[in-house]
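Below: the structure, in structure tokens.
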Amino acid sequence: MRKRISFWRRQARNVGVSLVFVMVATGLWYTQEQGYRDQLSWMGVPTWETLTPTSVHRVLRNDGFLVGWSDLRVNPLWVSYYLHAVEDPHAGARPDFQRDWRTLWPITTDSYFGSGYDRGHLAPNYAIAAVHGRVAQSHTFRMSNITPQRPDLNRRLWQRLEEVVIDHFVPRFGTLQVIAGPVFPERYLDNALNRVGLVEVPEAFYKIIVVPAEQPLALAFLMPQNVRGNEPLDRYVVSIDEIEMRTGLDFFPNLSEDMAGRLEGQVRTQGWELEKVARLPSRF
DNA sequence: TTTAGTGT
């Protein structure tokens, strides 16, 4: 009898030791993961305003950028990255698109074949490559960073915006935080079957650009799928609040109430010299 | 220098 009691005590102690070990390991992992996330986002990673199936997501970490992945939409709901000025910006050759096994869903590199949609980058190839290097560049070609875009948007209007960000805004401000992602129709069921393979087709895309300073500046764009491509960029400027309403996401959650009101509630284009870049011609 | 599909 005595032996049995000591046996169970020993077991209990072993379980206790294991639990402590797991908790410490989890704590260390969590701390490290938070550190990575803080390096790739300003004022906290985007989160959901309310816990709904369409806004819930999990965070995938890449070299140079984070992805908020939705298993319901089978889409990145947001990507977050910093860009800073570099001496001699250049990018290597375009790598091949790659499957990302972390998505679980089988999205292959030819899932978009014959769909009429482009494999549109959210975290852009050129800017990420120029600022964060070759490995980060290859990660932008993971299918978890890709979403269906109409060719005239992807290759023209959206490309012009990406070009203005890296060629004009980054040199002017030094460092930028960028968040970009898709926008879907208000009612999930209206669009649930509108998919390229398994990937739901967005109706529009947003890009939020922040100068992370003591007195931060913010500029946000919302661009629909159906554009010609030569429209002036400033036609699509919106407030961050509007993007939050359309996406159900909460951007910069660590921002003070006061600062959030000023940064997100209104459109302020002063300081960006948009008029100089809004009508630059399309490269493609 | 910056976007891609195509059809294999």
Side-chain angles (χ1 to χ4, degrees), chain A residues 62-65 75-76 79 81-100 107-182 195-199 201-202 204-207 209 219 221-233 236 274 276-284:
Chain A
N62 299 299
D63 258 39
F65 66 103
N75 257 269
V79 302
Y81 54 93
Y82 279 101
L83 296 176
H84 51 259
V86 293
E87 194 73 11
D88 175 30
H90 67 279
R94 284 172 72 93
D96 290 333
F97 287 93
Q98 321 149 28
R99 185 158 174 192
D100 187 343
I107 309 157
T108 67
T109 50
D110 41 51
S111 291
Y112 287 47
F113 178 81
S115 68
Y117 287 94
D118 277 9
R119 295 176 287 189
H121 282 69
L122 282 181
N125 164 41
Y126 176 77
I128 293 285
V131 175
H132 297 287
R134 185 68 182 163
V135 175
Q137 176 183 25
S138 76
H139 292 180
T140 70
F141 282 80
R142 290 173 168 172
M143 293 306 287
S144 53
N145 180 48
I146 302 300
T147 183
Q149 281 186 325
R150 292 245 92 116
D152 283 339
L153 176 63
N154 183 41
R155 304 174 196 187
R156 293 164 62 79
L157 189 66
W158 191 259
Q159 194 282 332
R160 283 167 53 216
L161 177 57
E162 289 181 341
E163 187 163 329
V164 163
V165 169
I166 188 64
D167 288 351
H168 295 265
F169 294 160
V170 168
R172 180 125 53 91
F173 295 108
T175 298
L176 297 178
Q177 148 87 147
V178 184
I179 298 179
R195 294 187 183 242
V196 170
L198 295 167
V199 182
V201 178
F205 299 88
Y206 66 87
K207 191 186 283 279
I209 306 157
L219 189 65
F221 295 86
L222 182 65
M223 294 177 168
Q225 288 272 25
N226 288 309
V227 295
R228 294 184 38 168
N230 57 357
E231 296 88 346
L233 298 177
Y236 301 97
L274 262 183
K276 287 189 180 172
V277 294
R279 291 165 192 279
L280 293 176
S282 183
R283 183 184 288 269
F284 301 104

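None of the values given here were measured: they were computed from a predicted structure. Residue numbering restarts at 1 for every chain, and letters A, B, ... go by the order of the sequence lines.
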To the nearest Å, give me how far apart OH (A:Y112) and P (B:dG5) are.
9 Å
Roughly, in whole Å, what's the span from CD1 in A:I146 to C1' in B:dT3?
11 Å
Just how far, in rounded Å, is P of B:dA4 from CG of A:D118?
7 Å
In whole angstroms, the gap separating C1' of B:dT8 from CG of A:D110 amounts to 11 Å
From CG of A:D152 over to P of B:dA4, roughly how many Å is that when rounded to an integer?
14 Å
Using only side-chain N and O atoms of A:N154, determine if any of them is under 4.0 Å from OP1 or OP2 of B:dA4.
yes
Send over the distance from A:E87 CD to B:dT1 P, rounded to a whole Å.
18 Å
Mind running a 4.0 Å heavy-atom check of residues 121-133 of chain A against DNA chain B and sending the residues that fall below it, in number order?
A:H121, A:N125, A:Y126
For the side chain of A:Q177 and the backbone of A:Y81, is there at least one donor-acceptor N/O pair under 3.5 Å apart?
yes
For A:A91 and A:Q149, find the nucleotide of DNA chain B closest to each by heavy atoms; which residue's nucleotide sits nearer the 5' end?
A:A91
Could you check whether the rings of A:H121 and A:F141 sit parallel, tilted or perpendicular, using 30° and 60° as the cut-offs?
perpendicular
Counting any heavy atom closer than 4.0 Å, what does A:R119 reach on the DNA or RNA strands: base, sugar-phosphate only, or nothing?
sugar-phosphate
Considering all heavy atoms, the nearest A:E231-A:G229 contact:
OE1-N, 2.7 Å
Cation over ring, A:R150 on A:Y117, under 6.0 Å and within 45°?
yes
Expressed in angstrom and rounded to an integer, what is the separation of A:F97 atom CZ from B:dA4 atom C1'?
7 Å
So CD of A:Q98 and OG1 of A:T140: to nearest 0.5 Å the spacing works out to 8.5 Å
Is the phosphate of B:dA4 approached by A:R94 (side-chain N or O, under 4.0 Å from OP1 or OP2)?
yes
Restricting to non-hydrogen atoms, name the atom on A:Q137 and the atom on A:A91 that form the minimum distance, rounded to 0.1 Å.
NE2-CB, 4.2 Å
Counting distance only, does the side-chain N/O of A:Q225 pair as donor-acceptor with the main-chain N or O of A:L153 below 3.5 Å?
no
Starting from P on B:dT6, measure out to CG on A:D96 and report it in whole angstrom.
16 Å
